[in-house]
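Read the structure below first, then the notes.
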Amino acid sequence: MFPRQIKQLFIAALLLPAIASATPDKYVGTGSCSSSNCHGSVSPRKASNVLQNEYYTWLKHDKHSQAYTVLLKADAKRMASLMGLGEPSKEPLCLKCHATYVPSPEQRGAKYSVEDGVSCESCHGAAERWLETHAVAGVTHQQNLANGLADTASLDKRAQLCVSCHYGDSNKRVTHNLYGAGHPRLSFELDTYGVLEPKHWVVDEDYIKRKGPYVPLAAWFIGQETLAESAVATLLSPELSRNGTFPELSIFDCYSCHHSLADAQWKRRDYGGKPGRLSVNIASLVMLQHALAAIDRPLAEELGNLTATIQEQFQANGATEALQKTQELLKGSIRPMVMKMAADEKSSRAVMKELCLFGTAAVSPKYEVAEQIGMGIQAAMATSPILAKRHKASLDKLFATLAKPDAFNPEAFVKAAKTLSAELS
Ligand code: HEC
Ligand code: HEC
Ligand code: HEC
Ligand code: HEC
């Protein structure tokens, strides 16, 4: 694909079939991507269809390049020692999320280094079979995928990738133990976090031709749906939930037991009529339900009923049936619908409005919920240039109330959400 001048030389590669592999692919290491002719240019290159400064962006601006380094610092050491673990930089528990973790020496290429942290191959997949061919002119994205490149362009696969570390999966998790030892709170939203990373790619005409368009609202929905599926899988997992009798505490809403850091917040918090009950943490399902109301009200109601049943029954009997039905609804109806979502001003507006209403309905929304509402509104707004322009000032005011978690004032948030909501009517 780039640089363009090698086009003719390698045309034969077009004829190569996907290279089959009997053993798992090797990780070649970031050192194999960082040459200035490849992805290590300091500034973007015009002559190629990718920026070629991806390595530089990752190294200088993307926290993923520091993910291993933080394990060497005092905070990480203290966490590990409180948990009775050894050096965090050698602990699989930490390395699974803070590095391209390759336990088997046979799978490590000559330039592989755990110290690279969350590196190119953490996200793009082990490059042994596609390193040589992926930059050859005429080789298609499909051929690269067949050779083991991870499909980060497809939003559902991308969401699963990010969520595996930013929420956790069956193989890695920030447990209550780890939170207790001081691990920062995990929060994730696919569109916003993609922008924050920051992006080392551009969705231009050429990108759209090769990989399809990017719709921020679709990314938001797919991210929430993926988080919701993960939450449901966690609640159904016998190891973590033990049928609701002796559970891992991090699957519950933290505020069931903890007061917020901000005193004023817990005094005014909304108990939903059930003070003292442990409630499960299914925030993504609740977000999804409210946003779906803008697009398919009966589906949103069905999800709302299931969510209420899960909350009602989890402590008593594990809510297995309702969780399984939710899983089917997510996979069978909601995911296929949001995967097809196109950029459309009307639905973006309707979603913004529903999320504002959700934000203003609670007497005193929790910071974590308010933050998710803010990111959802932002993604919906980013989908339409007209909305983005018209409501920018109000969105800025909403985000100003979210700037400091410790000093969060729910009333100021509700006021800003009401102003935005009024603008949308
Ligand atoms: C399920 C994945 C996961 C596991 C397991 C995990 N972490 Fe993290 N960790 C993260 C993510 C994601 C962040 C970034 C959170 C954010 O900013 O949104 C993070 C952030 C951190 C930070 C703060 C970094 C900074 O820039 O200030 C430290 C320190 C840390 N982790 C240490 C550890 C240690 C030590 C372990 C093992 C005992 C561990 N983590 C296990 C995913 C994980
Ligand atoms: C945290 C995950 C993550 C890491 C780490 C990461 N990438 Fe990416 N990368 C993505 C995503 C997501 C995209 C956008 C989707 C796509 O086009 O596949 C992307 C896109 C790209 C593209 C643009 C592809 C195109 O078709 O325009 C290139 C090139 C790239 N990455 C190279 C790198 C290199 C080199 C590194 C390491 C220095 C790296 N990436 C590290 C997630 C990551
Ligand atoms: C292998 C695990 C892993 C994967 C996969 C991963 N991340 Fe991360 N991410 C981390 C860790 C660990 C940190 C914290 C690094 C630090 O603070 O040094 C982090 C930090 C971030 C941050 C900075 C957060 C902050 O507080 O400033 C953003 C943004 C982010 N990730 C976005 C993404 C996106 C988007 C994806 C998917 C395309 C993704 N990540 C995939 C582990 C991962
Ligand atoms: C079922 C109740 C319960 C739930 C739910 C719960 N915790 Fe805890 N948490 C506790 C208890 C009990 C302690 C120990 C308190 C002590 O040592 O005094 C604790 C301790 C902690 C600590 C250490 C506090 C300190 O002062 O040392 C942190 C941090 C923490 N929890 C975070 C969380 C987070 C984040 C969540 C949600 C993901 C959560 N907890 C959910 C009961 C809970």
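As the structure lists them, so they are numbered: ligands from 1, and atoms in each ligand from 1.
Of the protein's heavy atoms, at least one falls inside 4.0 Å of atom 9 (N) of ligand 4. In this structure, atom 33 (C) of ligand 3 has a protein heavy-atom contact shorter than 4.0 Å. Distance screen at 4.0 Å: atom 40 (N) of ligand 4 has a protein heavy-atom neighbour inside the cut-off. Note that atom 15 (C) of ligand 4 has no protein non-hydrogen atoms nearby, at separations under 4.0 angstrom. Within 4.0 Å of atom 26 (O) of ligand 4, not a single protein heavy atom is present.
Within 6.0 Å of the CD atom in Glu132, the count of heavy atoms belonging to other residues, nucleotides or ligands does not exceed 12. With a 6.0 Å radius and a threshold of 12 heavy atoms from other residues, nucleotides or ligands, Glu345 has its CD atom above the threshold. Within 6.0 Å of atom NZ in Lys397, 12 or fewer heavy atoms from other residues, nucleotides or ligands are found, so the atom counts as exposed in its surroundings.
Residue Asp253 places a heavy atom less than 4.0 Å from ligand 4. Not a single heavy atom of Ser122 lies less than 4.0 angstrom from ligand 2.
Between the side chains of Glu248 and Ser250, at least one donor N or O sits under 3.5 Å from an acceptor N or O. For the 3.5 Å distance criterion, the side chains of Ser347 and Asp344 qualify, holding a donor opposite an acceptor. When only modelled atom types and interatomic distance are considered, Thr140 and Arg210 share no side-chain donor-acceptor pair under 3.5 Å. Inspection of the Ser187 and Glu371 side chains reveals an N or O donor paired with an N or O acceptor under 3.5 Å.
Considering backbone and side-chain atoms together, Thr30 places no N or O closer than 3.5 Å to any N or O of ligand 2. For ligand 2, the polar-atom distance check finds no N/O of Tyr55 at less than 3.5 Å from any of the ligand's N/O atoms. Checking only distances, Lys211 does come within under 3.5 Å of ligand 2, N or O to N or O. Any N or O atom pair closer than 3.5 Å counts here, and Thr152 shares at least one such pair with ligand 2.
At the top of the distance list for atom 5 (C) of ligand 3, counting protein heavy atoms only, stands Leu161 O, 3.5 Å. The nearest protein atom to atom 42 (C) of ligand 3, hydrogens excluded, is given as Cys97 O, 3.3 Å; this is a heavy-atom distance.
Taking 4.0 Å as the cut-off between side-chain N and carboxylate O, Asp253 and Lys366 count as a salt-bridged pair. Residues Glu229 and Arg335 are paired through a salt bridge, judged by an N-O separation under 4.0 Å between the basic side chain and the carboxylate. A salt bridge links Lys77 with Glu87: the distance from a Lys NZ or Arg NE/NH1/NH2 to an Asp or Glu carboxylate oxygen falls below 4.0 Å. The residues Lys392 and Asp396 are annotated as salt-bridged, a charged nitrogen and a carboxylate oxygen being separated by less than 4.0 angstrom. With salt bridges taken as basic N to acidic carboxylate O contacts below 4.0 Å, none links Glu205 and Lys209.
Expressed to the nearest 0.5 Å, how far CG of Asn305 lies from NZ of Lys325 amounts to 10.5 Å. Here the OG atom belonging to Ser104 is positioned 10.5 Å from the OH atom belonging to Tyr27, to the nearest 0.5 angstrom. The CD atom of Gln372 sits 10.0 Å away from atom CZ of Phe358, with the distance rounded to the nearest 0.5 Å.
The option from Gly212, Ser119, Ser154, Cys123 that lies nearest to atom 43 (C) of ligand 2, judged by heavy atoms, is Cys123. Distances from atom 37 (C) of ligand 2 to the heavy atoms of Cys38, Ser65, Cys120 show the closest one on Cys120. Heavy-atom proximity to atom 19 (C) of ligand 2, evaluated over Trp58, Trp201, Tyr56, is greatest for Trp201.
Taking a cut-off of under 4.0 Å to the non-hydrogen atoms of Val70, the atoms of ligand 3 that pass are 18 (O). Listed by atom number, the atoms of ligand 4 under 4.0 Å from Phe252 heavy atoms are 5 (C), 37 (C). The atoms of ligand 2 that sit less than 4.0 Å from any heavy atom of Ala153 are 15 (C), 16 (C), 18 (O). Interface atoms of ligand 2 facing His39, defined by a heavy-atom separation under 4.0 Å, are 29 (C), 35 (C).
Using a 4.0 Å cut-off between heavy atoms, Lys199 makes no contact with ligand 2 at all. Residue contacts with ligand 2 for His141 are absent, since no atom lies close enough (heavy atoms, distance under 4.0 Å). Only side-chain heavy atoms of Val50 come within less than 4.0 Å of ligand 2; its backbone N, CA, C and O stay farther off.
The cationic group of Lys199 lies under 6.0 Å from the six-membered ring centre of Tyr214 and within 45° of the ring axis, placing it in a cation-pi geometry.
Within a radius of less than 2.8 Å around atom 8 (Fe) of ligand 3, the protein N, O or S atoms are His64 NE2, His166 NE2. Around atom 8 (Fe) of ligand 4, the protein contributes the following N, O or S atoms at distances under 2.8 Å: His176 NE2, His258 NE2.
Taking the six-membered ring where the residue is Trp, Tyr55 and Trp58 present tilted rings, their angle falling between 30° and 60°. Aromatic ring pairs are classed by plane angle as parallel below 30°, tilted from 30° to 60° and perpendicular above 60°; the pair His124 and His200 is perpendicular.
Less than 6.0 angstrom separates the ring centroid of Phe188 from the ring centroid of His166.
One finds an angle of 180° at atom 8 (Fe) of ligand 2 between NE2 on His200 and NE2 on His124, to the nearest 10 degrees.
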Problem - Derivation and outcome, side chain to side chain contact (heavy atoms under 4.5 Å, CB included), residues Glu354 and Ile295 - result: CA-CA 10 Å; Glu354 286 297 335; Ile295 294 169; over 6 Å; no
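The two residues Gln311 and Val280 come nearest to each other via the heavy atoms OE1-N, 2.7 Å.
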